[in-house]
Amino acid sequence: MSLDEVADKEASSPEEIQLVQSDAKFRSFSPPPIPIPAAPSIGSLVDSVSDERLDVMASHQSENGSISTASSTVSSLESEKAAYEFLAQTPIKSTDAHLVEFSEAMRTVAKALRRVAEGKAAAQAEVAEWKRKYELEMAHKQQNKIKGCGSCISCSSNDLDKLASQLTLDTAASDQLGCCGKHGICSHEVLQDEVPGPIQRPNHKMVGRKASFKLSWGCNGDKNGQHKHDFVSFEKGDITTAERSNKQILLKWESQPQTVLFITKPNSKSVRVLCAEMVRWLKEHKNINVFVEPRVSKELLTEDSSYNFIQTWDNDEEIKLLHTKVDLIVTLGGDGTVLWAASLFKGPVPPVVAFSLGSLGFMTPFPSEQYRDCLDNVLNGPFSITLRNRLQCHVIRDAAKDELVTEEPILVLNEVTIDRGISSYLTYLECYCDSSFVTCVQGDGLIISTTSGSTAYSLAAGGSMVHPQVPGILFTPICPHSLSFRPLILPEYVTLRVQVPYNSRGSAWASFDGKDRKQLSPGDALICSISPWPVPTACLVDSTTDFLRSIHEGLHWNLRKSQSFDGPRD
Ligand SMILES: NC(=O)c1ccc[n+]([C@@H]2O[C@H](COP(=O)([O-])OP(=O)(O)OC[C@H]3O[C@@H](n4cnc5c(N)ncnc54)[C@H](O)[C@@H]3O)[C@@H](O)[C@H]2O)c1
Ligand SMILES: Nc1ncnc2c1ncn2[C@@H]1O[C@H](COP(=O)(O)OP(=O)(O)OP(=O)(O)O)[C@@H](O)[C@H]1O
């Protein structure tokens with residue numbers, strides 16, 4: 001008699017039959033099978049009930065409040081009846097235990113596979129970064145072989161080799177150690193004599209060599225200050241802060257900038273008019289080559305065919321090469337236009353001069369009415385910049401964890417938001433920082449923000465405002481359903497992993513600078529770290545003055561009428 005037959009015999013009520021049948025069905029699908037002999041005697045049947053099964057039964061009994069009953073049931077197992085009763089009454093519970101055990105084992109395997117996939121993404125990012133460093137170094141050496149370091153008087157080739165060999169640090173700043181490493185950062189590394197553009201328009205003027213520039217770090221506004229990478233000295237075993245990190249960064253052209261890219265807010269008449277005026281002024285008064293977006297090119301040419309000097313692009317491949325052609329980006333719009341401009345560059349970004357034609361303008365300090373003076377100052381240089389870090393975000397799909405190539409990383413200047421989308425359930429997210437568990441988010445979602453983005457969505461969700469030059473990553477919950485979930489600011493060198501657990505009730509949605517919603521299903525993860533490609537934005541005055549001005553004027557930060565002198569005093 002098979003176990004099912006035994007059970008069938010004992011199960012007399014329809015409910016019991018159902019239970020026993022479903023148990024049999026489960027058993028046939030359950031991968032770790034309960035050892036069941038084909039035609040057992042009652043003795044072997046009892047023997048075949050594993051220790052685990054007894055444990056389950058014992059715990060089942062103790063759960064029901066009678067440990068003593070459990071032991072008496074164990075002893076009575078020796079009787080046939082008790083065995084049948086046990087099988088009839090507990091099959092689902094015991095099989096469930098196996099199923100739970102099995103599914104937990106599967107989850108562990110899945111987790112391990114996902115970790116591998118995530119490690120792969122991080123490794124790919126690292127490999128890309130090392131490749132870039134290597135290519136920069138090779139290009140740099142090549143250039144030096146050809147013509148030496150003409151622009152940096154005090155740099156010798158020995159220094160160069162020494163500096164090149166120091167290219168071991170991970171930070172974006174240290175990446176840029178080059179022939180000007182002692183005194184600043186040279187842009188030679190990203191310059192090319194010839195631009196391998198895929199499609200050259202016949203009537204378009206070829207864009208010349210990109211202008212080179214140098215970055216230097218001033219100290220407390222001292223514009224002649226020197227750039228140093230070592231913020232900490234530990235001579236003679238004593239740790240001291242050698243340099244303050246909050247230095248103003250200056251950009252000084254070493255050759256005249258020749259090409260400007262315009263990025264403009266769509267559907268705005270005032271922007272269109274201003275763009276047409278600025279483009280003509282730059283061409284006629286500064287002899288600058290101008291690139292515009294295809295939409296703007298159409299608009300300008302429809303308006304006046306004499307704009308035939310402007311250049312544009314036809315496809316994404318050409319966008320990828322823009323950074324090799326463009327010396328400067330001019331944006332006309334609000335913060336959203338700066339975000340849009342940054343999103344076009346998946347690698348290095350030329351300096352951005354942002355004119356304010358929006359309502360807030362945290363990242364758009366230049367007044368559009370004075371564009372001539374502003375552009376004159378920037379084209380002549382030197383000018384202060386804010387080096388705004390971006391976050392690179394990799395989405396790791398649970399379903400694609402075995403595939404070699406993961407989805408392209410997405411770069412954000414403000415933040416990546418993981419929220420509940422249209423779902424009305426709480427978002428449930430597991431968060432890790434490097435390999436340490438951070439927390440589980442249960443609420444509307446989570447914002448992982450750059451310090452530039454600290455005044456945007458993160459601020460609205462209760463995060464702190466942080467000077468954009470501070471190297472950090474903000475970790476800000478959105479409406480957490482917990483009283484103690486305060487926002488965090490983490491150091492810029494960490495890698496964050498946000499995972500939708502398998503037992504989440506629904507999907508989460510990731511959006512990048514408020515765009516490109518991507519669904520994250522249970523098992524999917526998002527990995528974020530600081531990108532090696534910051535966005536250098538030109539300052540009207542300097543980084544700190546511009547930042548404070550934007551929070552005063554844009555947000556009316558801490559605006560309160562002053563208390564009058566007239567009243568009680570100490
Ligand atoms: N509740 C909120 O505050 C909320 C909600 C969704 C998105 N956002 C923000 O909107 C950004 C997208 O901007 P958009 O212009 O494309 O969308 P949008 O047109 O909806 O404008 C969003 C507003 O955020 C401001 N803003 C953008 N970046 C900022 C920054 N770094 N500092 C201060 N203010 C900033 C813009 O000036 C604008 O007023 C997202 O990155 C996100 O930070 C905010
Ligand atoms: N060149 C562009 N192409 C496509 N979309 C753009 C472009 N520039 C800006 N946008 C989009 O247009 C929207 C509005 O832009 P922006 O924030 O600059 O203007 P605004 O809303 O008038 O300014 P503010 O937000 O300061 O009031 C943003 O969502 C942005 O992504």
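As the structure lists them, so they are numbered: ligands from 1, and atoms in each ligand from 1.
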Using the ring of each side chain (for Trp, its six-membered ring), is [X] parallel, tilted or perpendicular to [Y], with breaks at 30° and 60°?
{"X": "Phe213", "Y": "Trp253", "result": "perpendicular"}
{"X": "His467", "Y": "Phe547", "result": "tilted"}
{"X": "Phe355", "Y": "Phe366", "result": "tilted"}

Of all the atoms in ligand 1, which lie at a distance below 4.0 Å from a heavy atom belonging to [X]?
{"X": "Ala460", "result": "1 (N), 2 (C), 3 (O)"}
{"X": "Met363", "result": "31 (N)"}
{"X": "Lys515", "result": "16 (O)"}
{"X": "Gly336", "result": "14 (P), 15 (O), 16 (O)"}

Does [X] reach the side chain of [Y], with side-chain heavy atoms less than 4.5 Å apart?
{"X": "Ser216", "Y": "Ile249", "result": "no"}
{"X": "Phe512", "Y": "Val395", "result": "yes"}
{"X": "Leu328", "Y": "Leu261", "result": "no"}
{"X": "Arg549", "Y": "Leu540", "result": "yes"}

Which of the ligand 2 atoms, numbered from 1, are nearer than 4.0 Å to a heavy atom of [X]:
{"X": "Thr337", "result": "8 (N), 9 (C), 15 (O), 16 (P), 18 (O)"}
{"X": "Gly333", "result": "18 (O)"}
{"X": "Arg295", "result": "1 (N), 2 (C), 3 (N)"}
{"X": "Ile263", "result": "1 (N)"}
{"X": "Gly334", "result": "16 (P), 18 (O), 19 (O), 23 (O), 26 (O)"}
{"X": "Glu293", "result": "1 (N), 2 (C), 3 (N)"}

**Asked** Can you tell me how far the OG1 atom of Thr450 sits from the CD1 atom of Ile473, to the nearest 0.5 Å?
**Response** 9.5 Å
**Item:** Atom pair OH/CG of Tyr457 and Asp419 - distance to nearest 0.5 Å
**Value:** 6.0 Å
Distance only, no hydrogens: is a donor on one side chain within 3.5 Å (strictly under) of an acceptor on the other, for [X] and [Y]?
{"X": "Ser270", "Y": "Ser268", "value": "yes"}
{"X": "Arg390", "Y": "Gln392", "value": "no"}
{"X": "Thr476", "Y": "Ser458", "value": "yes"}

Check [X] against ligand 1 and report side chain, backbone, both or neither, counting heavy atoms closer than 4.0 Å.
{"X": "Thr455", "value": "both"}
{"X": "Leu339", "value": "side chain"}
{"X": "Tyr457", "value": "both"}

Protein heavy-atom contact under 4.0 Å for [atom]?
{"atom": "atom 2 (C) of ligand 2", "result": "yes"}
{"atom": "atom 26 (O) of ligand 2", "result": "yes"}
{"atom": "atom 13 (C) of ligand 2", "result": "no"}
{"atom": "atom 16 (O) of ligand 1", "result": "yes"}

Nearest-neighbour protein heavy atom for [atom], which is reported as residue plus atom name and distance:
{"atom": "atom 29 (O) of ligand 2", "result": "Lys515 NZ, 3.0 Å"}
{"atom": "atom 19 (O) of ligand 2", "result": "Lys265 CD, 3.1 Å"}
{"atom": "atom 23 (O) of ligand 2", "result": "Gly358 CA, 3.5 Å"}
{"atom": "atom 10 (N) of ligand 2", "result": "Pro266 CD, 3.8 Å"}
{"atom": "atom 30 (C) of ligand 2", "result": "Gly336 O, 3.6 Å"}

**Message:** Taking the six-membered ring of Tyr307 as reference, does the cationic atom of Arg280 (NZ for Lys, CZ for Arg) lie under 6.0 Å from its centre and within 45° of its axis?
**Reply:**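 Judged by the rule (NZ or CZ under 6.0 Å from the ring centre, within 45° of its axis), Arg280 counts as positioned above Tyr307.
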**Asked** Relative to atom 29 (C) of ligand 1, which among Gly514, Ala456, Gly554, Ser458 owns the nearest non-hydrogen atom?
**Response**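 Among Gly514, Ala456, Gly554, Ser458, the closest heavy atom to atom 29 (C) of ligand 1 belongs to Ala456.
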**Prompt:** Any nitrogen or oxygen of Ser359, main chain or side chain, under 3.5 Å from a nitrogen or oxygen of ligand 1?
**Reply:**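 By distance alone, the answer is no.
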**Prompt:** Are Phe345 and His323 an aromatic pair by the rule of ring centers under 6.0 Å?
**Reply:** no
**Request:** Give me the one residue out of Thr537, Leu339, Thr337 that meets side chain to side chain contact (heavy atoms under 4.5 Å, CB included) with Thr331.
**Result:**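 Among the candidates, only Thr337 passes.
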**Prompt:** If you measure from each heavy atom of Ser452 to ligand 1, is any distance below 4.0 Å?
**Reply:**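 In this structure, Ser452 qualifies as a contact of ligand 1 - some heavy atom is under 4.0 Å.
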**Message:** Any atom of ligand 2 sitting under 4.0 Å from a heavy atom of Leu339?
**Reply:**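 Outside the 4.0 Å threshold, so no.
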**Non-hydrogen atoms of Pro501 and Tyr428 that approach each other most closely** =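 Shortest heavy-atom contact: CD-O, 3.2 Å.
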**Request:** Using distance alone, determine whether Leu360 and ligand 2 share an N or O pair under 3.5 Å.
**Result:**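 There is such a contact, yes.
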